[in-house]
Amino acid sequence: MASKQFDIKTYPGFKAMTVLCLVVIYAPLVVVTFYSFNASQSLTNWEGISLRWYADVFTGPESSKFKQAAKNSFIIAIVAATVSTTIATLAATGMVRGGKFKFRAVSFGLINLPLMVPEIVTAVATLIFFNSIGFDRGIMTILLAHIAFCIPFAYLPISARCTGSKTPLSRQHRICMQPSGRLLPRSCYH
Amino acid sequence: MRRVLLPAVKPGAIAGCILVFVPSMGSFLAPDLLGGAKNFMIGSLIEEQFKGNAGNWPFGAAASMILLTMVLILLMLFARQQAKAEKAEG
């Protein structure tokens with residue numbers, strides 16, 4: 001049984017390491033879940049199970065704040081995801097199909113810069129920029145900064161997919177894409 | 001281990017280190033919550049300069065530029081080393 005010899009489960013310390021990692025990562029989550037059902041306001045006293053805080057989030061004095069915040073988060077997430085994915089797809093198409101052009105490495109670096117630069121530096125830079133051009137801070141500034149920040153996160157998987165399927169994609173593209181830019185019916189794909 | 005495993009995972013391990021190192025250098029929320037008042041990180045220091053009225057914007061801007069420079073120098077070293085390794089492999 002040669003395969004049994006290389007079974008990772010038989011390595012020394014495998015079990016201990018697994019348990020340690022799982023505990024470190026998930027124990028805090030378990031504790032938070034547990035305490036969200038606590039009837040008391042304090043973190044250290046346990047006064048029994050209750051859904052009081054869950055009801056409070058939706059109907060309590062802070063609920064209007066929660067609704068506003070949730071709405072903002074949803075708007076920003078949806079718009080930022082849509083716009084940055086669109087831009088990233090365009091960028092990936094250009095980078096993959098563009099062949100060897102001047103400043104290719106530079107463009108790649110520039111697209112991925114927000115990923116390399118620490119988050120707080122991007123935030124500070126955007127803040128000072130908006131401030132210096134007299135742009136009031138609000139949902140619009142959050143949105144713009146988010147789109148800029150999220151482009152590399154969308155770009156990397158998209159370009160990886162494009163590169164991986166480069167040949168079939170360009171063949172499909174040649175066969176199925178009409179000069180007008182419209183795709184032929186699906187039956188032509190294969 | 002030293003002859004087989006480490007050389008095999010070396011490029012991935014370096015990339016992984018970079019991926020962890022850069023956000024760790026800049027992170028500010030977790031250290032703010034977990035570090036207490038005495039344990040500052042650069043990220044929270046910068047954040048503090050831009051919050052409320054007590055902060056000093058130019059100081060924060062300078063601090064963030066220094067942080068950026070440190071990270072970029074590291075990334076450049078990494079890129080140069082990677083290019084060298086690629087050349088060596090042919």
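Since we're looking at a predicted model, the values are computed, not measured. Throughout, protein chains are lettered first and strands after them, A, B, ... in sequence-line order, and every chain is numbered starting at 1.
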Practice problem: Run through B:I66, B:I42, B:L68 and flag the one making a side-chain contact (heavy atoms from CB on, under 4.5 Å) with A:V121. | Solution: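 In the set B:I66, B:I42, B:L68, the residue that makes a side-chain contact (heavy atoms from CB on, under 4.5 Å) with A:V121 is B:L68.
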
Quiz item: Shared ILVMFWY cluster between A:I87 and A:V79, side chains joined below 4.5 angstrom?
Solution: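 Looking at the clustering, A:V79 is in the same group as A:I87.
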
Exercise. Report the C-alpha distance between B:W57 and A:V124 in whole Å, list the side-chain angles of each, state the deciding distance to 0.1 Å, and finish with yes or no for side chain to side chain contact (heavy atoms under 4.5 Å, CB included).
Key: CA-CA 9 Å; B:W57 278 35; A:V124 165; over 6 Å; no

Quiz prompt | A:I120 vs B:L67, side chain to side chain contact (heavy atoms under 4.5 Å, CB included): CA-CA, chis, key distance, verdict | solution = CA-CA 10 Å; A:I120 183 114; B:L67 173 63; 4.0 Å; yes

Practice problem: Using a cut-off of 6.0 Å, state whether more than 12 heavy atoms not belonging to A:Y35 lie near its atom OH. | Solution: yes

Quiz prompt | Common cluster, A:F135/A:F129, ILVMFWY with side-chain heavy-atom separation under 4.5 Å | solution =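 Yes, it is one cluster - the side chains of A:F135 and A:F129 are joined through contacts under 4.5 Å.
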
Practice problem: May I ask you to list the residues in residues 70-81 of chain B that approach chain A closer than 4.5 angstrom, counting heavy atoms only, ordered by number? | Solution: B:V71, B:L75

Quiz item: Are A:M140 and A:F130 joined in one hydrophobic group, where the rule is that I, L, V, M, F, W and Y side chains link up if heavy atoms are under 4.5 Å apart?
Solution: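 Same hydrophobic cluster.
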
Quiz prompt | Nearest-0.5 Å distance that lies between atom CD in A:E119 and atom CE in B:M25 | solution =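 Those atoms lie 14.5 Å apart.
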
Quiz item: Taking all atoms of both residues into account, what is the closest heavy-atom pair of B:G26 and A:P118, and its distance?
Solution: CA-CB, 3.8 Å

Quiz item: Within a radius of less than 6.0 Å around CD1 of A:I49, do more than 12 heavy atoms belonging to other residues, nucleotides or ligands occur?
Solution: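 Atom CD1 in A:I49 is not packed in, count stays at 12 or less.
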
Quiz item: Same cluster or not: are A:M116 and B:F28 linked, directly or through other Ile, Leu, Val, Met, Phe, Trp or Tyr residues, by side-chain heavy atoms under 4.5 angstrom apart?
Solution: yes

Quiz item: Do B:M65 and B:I46 share a hydrophobic cluster, counting only Ile, Leu, Val, Met, Phe, Trp and Tyr and linking them when any side-chain heavy atoms are less than 4.5 Å apart?
Solution: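 Cluster IDs for B:M65 and B:I46 match.
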
Self-check item: Contact summary for B:A61 and A:I128, nearest pair of heavy atoms
Solution: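 Nearest heavy atoms, B:A61 then A:I128: CB-CD1, 3.7 Å.
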
